[in-house]
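Below: the structure, in structure tokens.
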Amino acid sequence: ITLKNNVMKKILIVLLLLVPLFANGQDWFKANAVRYAANGNEFSEWQKCDINVFFEGSTKVKIYTKEAHILRRIKDATEDIDEHGISYVFWQGVDEKSEDCIVCIKSDQASYIHLMITYIKQNLVICYNLIPDK
């Protein structure tokens with residue numbers, strides 16, 4: 001019963017922490033580091049950055065690099081928590097140029113939130129380390 005209660009507590013915590021991302025709210029984050037993986041290679045080292053990221057409810061993400069990148073959800077999101085308590089939220093989307101992508105928000109709820117965007121045709125993954133911007 002204790003294990004079941006711990007799992008339920010973790011699920012509740014994850015849901016409470018992710019509610020702002022998937023409610024009708026709007027949330028600002030700051031990407032303080034970015035890394036890339038292309039053509040099936042390993043991720044590059046983290047590179048420092050200062051990029052604003054805006055979650056518009058659960059249907060849109062805006063990434064403010066030199067030019068704004070807008071990712072719109074086109075299919076329902078799926079959520080999962082692995083055996084280590086890491087939560088994943090996936091959805092299929094398109095960017096402002098109508099390029100298909102898969103968006104993943106990955107978090108251990110204690111130390112990091114990663115926004116990962118996979119562009120399938122380009123065989124490119126971009127991963128941003130996010131911190132809340134208050």
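Hydrophobic clustering (side-chain heavy atoms under 4.5 Å, transitive across Ile, Leu, Val, Met, Phe, Trp, Tyr) groups I117 together with V34. One hydrophobic cluster holds both Y119 and V53 under the rule that ILVMFWY side chains link at heavy-atom gaps under 4.5 Å.
Of all the heavy atoms in L71 and W91, the pair that sits closest is O-CH2, 3.8 Å. The heavy-atom pair separating C49 from A33 by the smallest distance is SG-N, 3.4 Å.
The side-chain heavy atoms of S58 and R73, taken from C-beta on, include a pair separated by under 4.5 Å. Between H69 and K62 there is no side-chain heavy-atom pair separated by less than 4.5 Å. Looking at heavy atoms from C-beta onward, W28 lies in side-chain contact with N52 at the 4.5 angstrom threshold. For the pair Y64/D50, no side-chain contact is recorded, criterion being any heavy-atom separation below 4.5 Å from C-beta on.
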Determine, stepwise, if the pair E45 / R35 fulfils salt bridge (Lys or Arg N to Asp or Glu O under 4.0 Å).
CA-CA 6 Å; E45 294 294 320; R35 63 183 182 169; over 6 Å; no
As a quick check of understanding, evaluate side-chain contact (heavy atoms from CB on, under 4.5 Å) for T78 and V89, giving each step before the final call.
CA-CA 6 Å; T78 59; V89 178; over 6 Å; no
Trace of the side-chain contact (heavy atoms from CB on, under 4.5 Å) decision for V61 with L115
CA-CA 10 Å; V61 178; L115 170 63; 3.9 Å; yes
From CA spacing to verdict: side-chain contact (heavy atoms from CB on, under 4.5 Å), I81, Y88:
CA-CA 6 Å; I81 301 173; Y88 300 85; over 6 Å; no
For T118 and F90, what are the C-alpha separation, side-chain angles and deciding distance, and is it a side-chain contact (heavy atoms from CB on, under 4.5 Å)?
CA-CA 11 Å; T118 303; F90 292 93; over 6 Å; no
Using the rule given for ring-ring contact (aromatic ring centres under 6.0 Å, His included), can you reason through W46 versus Y36, listing the C-alpha separation, both sets of side-chain angles and the distance that settles it, and then say yes or no?
CA-CA 8 Å; W46 286 105; Y36 306 90; 9.7 Å; no
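Under a 4.0 Å N-O distance rule, the pair K121/E99 does not qualify as a salt bridge.
Atom CD1 of I102 is separated from atom CD of Q92 by 6.5 Å, given to the nearest 0.5 angstrom. Once rounded to the nearest 0.5 Å, the distance linking CD1 of I63 with CD of E96 reads 9.0 Å. In this structure, the separation between CD1 on I126 and OG1 on T65 is 8.5 Å, given to the nearest 0.5 Å. Distance CG/D82 to CG/D108: 10.0 Å, rounded to 0.5 Å. One distance of note links OH of Y128 with CD1 of I51; it measures 5.0 Å at 0.5 Å rounding. Here the straight-line distance linking atom CD of Q122 with atom SG of C101 works out to 9.5 Å at 0.5 Å rounding.
The environment of Q47 atom CD is dense: over 12 non-hydrogen atoms of other residues, nucleotides or ligands sit within 6.0 angstrom.
No hydrogens or angles considered: nothing links the side chains of K48 and N32 as a donor-acceptor pair under 3.5 Å.
If you run side chain to side chain contact (heavy atoms under 4.5 Å, CB included) between I113 and each of I105, I131, N129, only I105 comes through.
Using cut-offs of 30° and 60° on the angle between ring planes, the pair F29 and F55 is perpendicular.
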